[in-house]
Number of protein chains: 2
Amino acid sequence: MIRLLLAEDQALLLGALGSLLDLEDDLEVVARAANGDQARQAIETHRPDLLVTDIEMPGSTGLELAEWVREAHPEIRVVILTTFARPGYLRRALDAGVRGYLLKETPVEPLADALRRIHAGERVIDPELALTAFDSKDPLTERERQVLRLAGEGLSNAEIGKRLHLADGTVRNYLSEAIGKLAAENRIEAYRIARDQGWL
Amino acid sequence: MIRLLLAEDQALLLGALGSLLDLEDDLEVVARAANGDQARQAIETHRPDLLVTDIEMPGSTGLELAEWVREAHPEIRVVILTTFARPGYLRRALDAGVRGYLLKETPVEPLADALRRIHAGERVIDPELALTAFDSKDPLTERERQVLRLAGEGLSNAEIGKRLHLADGTVRNYLSEAIGKLAAENRIEAYRIARDQGWL
DNA sequence: CAGCGGAAATGACATTCGTCACCTCGAATC
DNA sequence: GATTCGAGGTGACGAATGTCATTTCCGCTG
């Protein structure tokens, strides 16, 4: 019996997927979590074999969760299950030692099979992503990321500066560098590119 | 027996939810569609009692689908099932005569109940949204919406002008009006506000 | 200690944006 | 035929943004 813990913030999917996987003879959903923090607690109490987690959740993300699991419970295998085919996400996930990275495009049966294979020791990466994995890596510095995130929310240079305790000229510089590195025309395009790559 | 058609682009949710609803004694999923166009065809062939559809899908959206159903098959009841609690979406859905508007936050059982009630003639709106429904309505003109959409993708005034066959000064004017109407500081903020309201 | 490199800042400059008042032209209205 | 109105356009002006060269201030490292 493979003991699963599901972490997913969309209640409908969490419930439906949980029930369905539970119907499989060799799978058992021992707990469900609606966010990263609940997942940590559930891990401590239930010690599942496999953690299946979404990435974008309130509280701590699935990637943070995966990193934590590797530290705290290295025997638990982590499977990422997300909507986003973003190279940066996959890279970070692999760095965190996850055993599987699957998209929500996958139908249920293939997903269940993948979970079995992962439990048996295999590593399963969605084929659509396996290729893009070693494409481009994040060229941004931490400061550039911070500035870009805020710029993407519509803040002006001055406002960004205030938030990060920087002069607005400095903000301009970081933004200019980020725009250059990403070959964008302006801050908005730069923000989109970085976000779509999973670098923010 | 209530005959359902599900339209949802996320294969995992489509599959899991479909299987689960099908297990209910009085519900039958007669067809599944991964986008709006497939849904139209499936409606023609299967004539379901209820159409349960997502909003944001490739091809035509769930809202367009709902509008089409009211024209072509007014006897079919439409239920919107979406992640987004955007007032503009709800308003447009109600204008299209949908009988239900539910969030993917809803667990499966309440969803099944809601479908039964809708089939029985009731109208079910997610309580979280029922309130916000009559808040604010879209103050934007069609031109302003177009311009804002493109601005949100990082295009400059000149580029937007080229796309829409307008002079860049005119683009500036539309954008300026939109920013004013939405009480935003700049185009990015205006874009975000409009998007979050479901006006784009 | 000298030297190097990264983080933060400054100043100058061109370009783009945001605002506003005003112009044009064609269709609908009177 | 004159008037109104709305979509689109112009021009001007200040503010914000983007680019670059240069500077200061560390903390390292040889």
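- Contact of B/Asn173 with D/dT10 (side chain to base): a donor-acceptor pair of N or O atoms is detected under 3.5 Å.
- Along DNA chain D, the nucleotide nearest A/Ala184 and the nucleotide nearest B/Val171 are compared for position; the residue whose nucleotide lies closer to the 5' end is B/Val171.
- Atoms CD (B/Glu159) and P (C/dC17) sit 8 Å apart, rounded to a whole Å.
- Contact between the side-chain N/O atoms of A/Thr170 and the OP1/OP2 oxygens of C/dA9 is found at a separation under 4.0 Å.
- OP1 or OP2 of D/dG8 has at least one side-chain nitrogen or oxygen of B/Tyr174 nearer than 4.0 Å.
- Taking 4.0 angstrom as the limit, A/Asn157 places none of its side-chain polar atoms (N or O) nearer than this to OP1 or OP2 of D/dA16.
- At least one donor-acceptor pair closer than 3.5 Å links the side chain of B/Glu189 to the backbone N or O of B/Glu185.
- Summarising the geometry, the separation between CD on B/Glu177 and P on D/dG6 is reported as 12 Å, rounded to the nearest angstrom.
- One can place CZ of A/Arg187 at 11 Å from C1' of C/dT16, the figure rounded to the nearest angstrom.
- The cationic atom of B/Arg86 (NZ for Lys, CZ for Arg) lies less than 6.0 Å from the six-membered ring centre of B/Phe84 and within 45° of the ring axis.
- As rounded to whole Å, 10 Å separates atom C1' of C/dA12 from atom CZ of A/Arg172.
- Proximity of B/Arg143 to the phosphate of D/dG8: a side-chain N or O atom is located under 4.0 Å from OP1 or OP2.
- Looking at A/Arg32, its side chain never comes within 3.5 Å of a backbone N or O of A/Leu5 through a donor-acceptor pair.
- For the pair B/Arg145 and B/Trp199, the cation-pi criterion (under 6.0 Å, within 45° of the ring axis) is not fulfilled.
- In the set D/dT19, C/dG18, D/dG8, the nucleotide with an atom closest to the side chain of B/Ile179 is C/dG18.
- Separating the CD atom of A/Glu144 from the C1' atom of C/dA8 is a distance of 13 Å, rounded to the nearest angstrom.
- Taking atom CG of residue B/Asn186 and atom C1' of nucleotide C/dT16, one finds them 13 Å apart after rounding to whole Å.
- Rounded to an integer number of Å, the gap from NZ of A/Lys181 to P of D/dT19 is 14 Å.
- Remark: A/Glu122 does not engage A/Arg99 in a salt bridge, criterion side-chain N to carboxylate O under 4.0 Å.
- A/Asp168 has its CG atom 16 Å from the P atom of D/dT19, to the nearest Å.
- Within 4.0 Å (heavy atoms only), B/Ser156 reaches sugar-phosphate atoms of the nucleic acid but no base atom.
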